[in-house]
Amino acid sequence: MSAAPAGEPGQLLQRLVALQAQRGWLPPAALEALAVEMALPLAELRGVAGFYRFLHLAPVGRLRLLFSDHVSDRHQGAPALMARLCARLGVAPGQVRADGALSIDRCSCIGLADQGPSLLVNHGQVITRLDAARIDALAQAIEAGLPPAAWPAEWQQVDEPVRRADVLLGAADAPGAALAAALAQPGSALIEALASARLLGRGGAGYPVADKWRACAAQPVTERVVVCNADEGEPGTFKDRTLLRLQPDALIEGMTLAAWALGARHGLIYLRGEYRWLLPGLQQVLARRRAAGLLGAAIAGRPGFDFDIAIHLGAGAYVCGEESALLESLEGRRGVPRIRPPYPSSHGWRGLPTVVNNVETFCCVAQIALRGAARWAAIGTARATGTKIHSVSGDCARPGLYEYPLGTPVARILADCGAVDAQAVQVGGPSGHCVPARDFGRRIAQEDLPSAGAFTVFGPGRDLFEVARHAADFFAHESCGFCTPCRVGTTLMARRFDKIAAGSGSRHDLDALRSLTELLGSSSHCGLGASAGRMLHDTLRHHRPAYEQRLQSLQFVPGFDLDAELSQARALTGRHDAGAHLATRETDVTRKHEVMPEPDAPTNPQPQPQRIAP
Amino acid sequence: MTPAAPLFLLDGHPVPFKPGETLIEAATRAGRHIPHLCWHPGFAPHGSCRLCMVAIGERQLAACSTAAEAGLEVRLHGEALAAQRRTLLQLLFVEGNHFCPSCERSGACKLQAEACEAGVEGPHFEQLYPDRPVDASHPDVLLDLNRCILCGLCVRASAQHDGKAVFALGGRGLGTQLVVGSASGRLGDTDLAASDLAARICPVGAILPKRRGFAVPIGQRRYDAAPISALPETDDGMPPP
Ligand SMILES: Cc1cc2nc3c(=O)[nH]c(=O)nc-3n(C[C@H](O)[C@H](O)[C@H](O)COP(=O)(O)O)c2cc1C
Ligand code: SF4
Ligand code: SF4
Ligand code: FES
């Protein structure tokens with residue numbers, strides 16, 4: 001497939017990404033012109049542009065630096081480093097410097113937790129291993145007017161520390177080898193091989209790959225689509241980054257195998273915006289494979305076996321990793337998850353039957369095609385066969401990539417990565433599980449602890465309340481905003497955490513948090529909202545003292561400072577006597593009522609909550 | 001409905017349905033009210049407000065986007081579901097600035113009516129007090145986003161019924177907001193007409209006709225006499241001017 005024509009509505013997001021790369025932001029006149037050119041409503045353009053974090057409807061700094069905000073980045077001092085850079089360059093966090101030259105902000109994990117703290121430059125370049133010296137050198141380079149392209153190459157160096165390799169991370173296979181093996185048989189044989197290998201998807205949900213492919217193959221149409229989910233948004237996960245760099249042929253071969261099995265002609269890789277720096281390398285691999293007859297028309301000399309792949313770029317939205325949101329985004333819309341059913345296997349990209357699989361999943365497919373289902377099924381556990389790559393970061397001596405058979409206990413990984421005395425491990429990112437030390441015997445596998453690949457270690461000094469609070473911030477930041485419980489609930493959750501952190505918490509706040517978690521879990525439209533309370537749930541259960549030591553009292557404590565709210569009234573009336581002050585942070589609610597000012601005193605400039613009844 | 005029509009059970013009451021219907025469509029036709037804000041007959045379900053949540057076995061699902069199936073045992077009432085519904089309504093109230101006593105839509109507002117019926121007695125959570133300016137630029141229609149609940153009904157009505165695409169949802173997370181499709185971003189610079197369905201379909205007081213405020217006296221407003229569950233679904237939207 002050649003890339004779709006640029007004026008076609010499905011290309012909207014790609015056009016906006018390109019415009020943004022060119023102009024730095026999306027000026028209203030440029031948006032209007034694009035709306036006319038693409039014959040799309042202006043409201044829709046504004047709606048789409050407003051959804052993605054990397055698209056800006058207002059001017060931003062010409063140089064835009066985003067500090068990765070993974071919990072391990074924080075633990076390694078990212079906040080202080082960001083403050084240092086802001087001070088050096090005379091800019092407030094999140095603001096554009098007065099001269100318009102730059103802005104510095106945070107963003108969700110950029111997939112470099114093994115060599116953090118790190119940051120993203122203009123969405124297309126990274127700087128790893130930040131420390132005070134590197135920050136100072138960076139500040140100097142910026143003040144000297146050195147363009148990012150001229151910054152030292154070592155700043156941008158991204159290693160792929162493969163600490164334990166098995167079949168996926170071992171030596172790359174010859175391009176086309178798996179394809180040659182599969183082409184000896186009809187496509188349906190490959191689906192049967194995946195079924196007997198019992199391959200489960202690697203993107204988190206763990207759905208049987210063969211079932212998905214069969215459902216897609218069974219649709220009574222001739223056109224089908226193969227989509228690779230390279231969004232890798234789960235904080236702490238970076239295994240897809242490594243596969244995209246070390247094993248791109250295996251991934252593309254896996255997608256081509258899917259095309260063979262399904263009779264698909266169109267393939268799409270959805271590459272997260274944070275990985276734009278990987279784009280040129282991937283384009284080269286696609287071009288090389290086209291030249292080698294492994295992509296394009298008549299693949300491997302088979303007339304009629306036509307399949308090609310286009311790469312679409314995301315623009316900073318974690319929820320776009322959810323497969324139906326990903327399809328929306330691929331079609332140029334806001335990344336809002338679809339109502340399901342129907343599932344992508346029957347109604348996917350542009351309503352066509354579509355398989356969506358993770359990068360690692362396609363690499364597994366290539367392995368199975370080349371080496372056989374029996375070999376695959378012999379690795380791992382009864383339900384979870386094969387190997388799994390873990391992205392290890394946090395408090396350990398050797399962060400990096402570790403590939404193990406599924407069913408490997410947490411303790412084994414901890415021992416191998418040099419984590420002594422860990423008190424907990426976050427398995428599968430903030431939407432996964434927080435495993436306390438007494439459960440380190442648990443195994444990573446579908447039967448016990450499923451994981452999309454993140455493995456973040458917390459040493460004895462880490463505060464698990466702060467870990468859960470960070471997760472709450474992440475979900476509030478990444479909620480797509482579509483459904484009520486997630487849009488509002490995640491923010492209320494984050495604010496409750498803030499209230500407890502500020503020392504105004506009571507048992508009442510823990511109860512409120514728990515009931516919000518339950519509401520999110522059962523009423524959200526998609527998996528993001530449903531898992532937003534996981535860290536809270538797990539840490540409250542296993543690390544309750546981390547919460548309770550912060551509670552001021554078991555009674556209700558208001559989240560705002562009554563006395564501070566009165567400062568305006570004091571200033572207006574010129575009163576500074578003791579009678580004009582309230583004793584705040586009291587637990588005795590009745591007394592507070594006695595000293596409350598008259599109802600019409602301007603204690604709070606905001607409208608007061610009103611009775612709801614008509 | 002022929003005698004052979006398939007049935008599902010809603011809190012034990014049989015509800016007949018036509019193949020392809022959702023739970024809420026069938027229930028509404030049978031005169032049973034399932035609380036909802038973002039659903040409207042004639043438009044594809046949105047699934048965003050989650051107020052129509054029902055329980056089937058262990059699972060909770062949105063009735064507006066769940067297909068009816070013969071023999072399903074659907075629970076709508078019950079303490080746990082009622083509590084979650086109350087919380088969802090409270091979340092909507094604290095998210096916006098709902099100053100009911102001074103709102104023209106009071107008494108005819110679905111959010112308010114559902115809250116009354118659900119027994120919501122106060123906001124319970126801290127108010128978020130968003131800063132959303134009022135757009136009074138249109139000669140006949142007032143847009144006060146302080147009361148918008150992001151149900152997307154005006155978006156669908158404008159695009160699919162009026163053929164104008166005046167509105168879209170923009171932003172994301174708590175920053176999600178209704179955006180207007182004019183270069184200035186103002187309603188007055190669009191081709192919206194007061195007679196458009198988009199100008200009348202808003203379930204709350206976010207899109208209002210101008211100069212008709214408080215036309216209906218207290219006591220005679222839509223939900224004054226009877227709770228929302230006792231009224232037919234068809235009287236949606238502000239009547240045309
Ligand atoms: C909020 C959310 C984010 C997700 N992010 C990703 C992601 O970044 N990468 C991924 O492969 N799957 C992600 N998923 C899972 C996908 O929806 C889907 O299950 C997966 O792409 C299917 O591929 P697989 O069967 O090969 O695992 C996410 C799911 C949710 C609910
Ligand atoms: S759960 Fe959150 S992310 Fe998912 S649809 Fe709802 S608002 Fe969007
Ligand atoms: S303005 Fe009204 S109809 Fe439109 S999204 Fe907001 S609440 Fe819904
Ligand atoms: S009516 Fe079903 S989610 Fe709003």
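Convention: sequence-line order gives letters A, B, ...; per-chain numbering from 1.
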- Query: Step by step, would you call A/Glu323 with A/Arg340 a salt bridge (Lys or Arg N to Asp or Glu O under 4.0 Å)?
  - Reply: CA-CA 11 Å; A/Glu323 60 183 7; A/Arg340 300 184 304 170; 3.0 Å; yes
- Task: Determine, stepwise, if the pair B/Phe93 / B/Phe125 fulfils ring-ring contact (aromatic ring centres under 6.0 Å, His included).
- Result: CA-CA 9 Å; B/Phe93 273 100; B/Phe125 297 99; over 10 Å; no
- Message: With salt bridge (Lys or Arg N to Asp or Glu O under 4.0 Å) as the criterion, how do B/Arg85 and B/Glu114 come out once you've worked through the C-alpha distance, each side chain's angles and the decisive distance to 0.1 Å?
- Response: CA-CA 9 Å; B/Arg85 215 171 287 129; B/Glu114 291 291 3; over 6 Å; no
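Residues from residues 48-59 of chain B that place a non-hydrogen atom less than 4.5 Å from a non-hydrogen atom of chain A comprise B/Ser48, B/Cys49, B/Arg50, B/Met53, given in numerical order. Identified by a heavy-atom distance below 4.5 Å to chain B, the contributing residues of residues 513-522 of chain A are A/Leu516, A/Glu518, A/Leu519, A/Ser522, in residue-number order.
Residues passing the salt bridge (Lys or Arg N to Asp or Glu O under 4.0 Å) test with A/Arg46, sequence neighbours excluded: none. Under the rule for a salt bridge (Lys or Arg N to Asp or Glu O under 4.0 Å), B/Asp135 has no partner lying at least two apart in sequence or in another chain.
For B/His46 and A/Phe482, the ring centers are positioned less than 6.0 Å apart.
To the nearest 0.5 Å, the span separating SG on B/Cys154 from CG on B/Leu197 amounts to 10.0 Å. A distance of 10.0 Å separates CD1 of B/Ile24 from OG1 of B/Thr66, quoted to the nearest 0.5 Å.
No other option in A/Thr490, A/Val319, A/Leu42 has as many heavy-atom pairs under 4.5 Å with chain B as A/Leu42. Per-residue counts of heavy-atom pairs under 4.5 Å with chain B were compared for A/Arg338, A/Arg495, A/Glu44; the largest is that of A/Arg495. Options B/Ala83, B/Pro45, B/Gly47 differ in how many heavy-atom pairs under 4.5 Å they form with chain A, and the most are formed by B/Gly47. Looking only at heavy-atom pairs under 4.5 Å with chain B, the residue among A/Cys486, A/Ala512, A/Ser524, A/Gly481 that has the most is A/Gly481. With chain A as partner, the option from B/Thr87, B/Leu150, B/Val155, B/Leu37 having the largest number of non-hydrogen pairs under 4.5 angstrom is B/Leu150. Of the listed residues (B/Leu88, B/Ile149, B/Leu178), the one with the most heavy-atom contacts under 4.5 Å to chain A is B/Leu88. In terms of heavy-atom pairs under 4.5 Å with chain B, the best-connected choice from A/Cys480, A/Pro41, A/Gly335 is A/Cys480. Per-residue counts of heavy-atom pairs under 4.5 Å with chain A were compared for B/Gly181, B/Ala168, B/Gly170, B/Gly171; the largest is that of B/Gly171.
A salt bridge links A/Arg487 with B/Glu95: the distance from a Lys NZ or Arg NE/NH1/NH2 to an Asp or Glu carboxylate oxygen falls below 4.0 Å.
There is a side-chain donor-acceptor pair under 3.5 Å between A/Ser324 and A/Glu322. Under 3.5 Å, the side chains of B/Ser229 and B/Glu117 contain a donor-acceptor pair of N or O atoms.
A/Arg23 places no side-chain N or O within 3.5 Å of a backbone atom of A/Leu26 that could act as its donor or acceptor partner. Of the possible donor and acceptor atoms, one in the side chain of A/Arg334 sits under 3.5 Å from a partner among the backbone N and O of A/Gly47.
Looking at B/Val166, the atoms closer than 4.5 Å to chain A (heavy atoms on both sides) all sit in the backbone: N, CA, C or O. Contact annotation for A/Ala317: both backbone and side-chain heavy atoms come within less than 4.5 Å of a heavy atom of chain B. In this structure, chain A has no heavy atom under 4.5 Å from any part of B/Ser158. Residue B/Ile218 does not touch chain A at all, counting heavy-atom pairs closer than 4.5 Å. If you measure heavy-atom distances from A/Phe475 to chain B, you find no contacts under 4.5 Å at all. Heavy atoms of B/Ala183 lying under 4.5 Å from chain A belong to its backbone as well as its side chain.
Using the six-membered ring where Trp is involved, A/His123 and A/Phe54 have ring planes that are parallel, under 30° apart on the 30 and 60° scheme.
At a threshold of 4.5 Å between non-hydrogen side-chain atoms, the residues A/His477 and A/Ser108 count as touching.
Remark: B/Arg172 is positioned above the aromatic ring of A/Phe51, its terminal NZ or CZ atom under 6.0 angstrom from the ring centre and at most 45 degrees off the axis.
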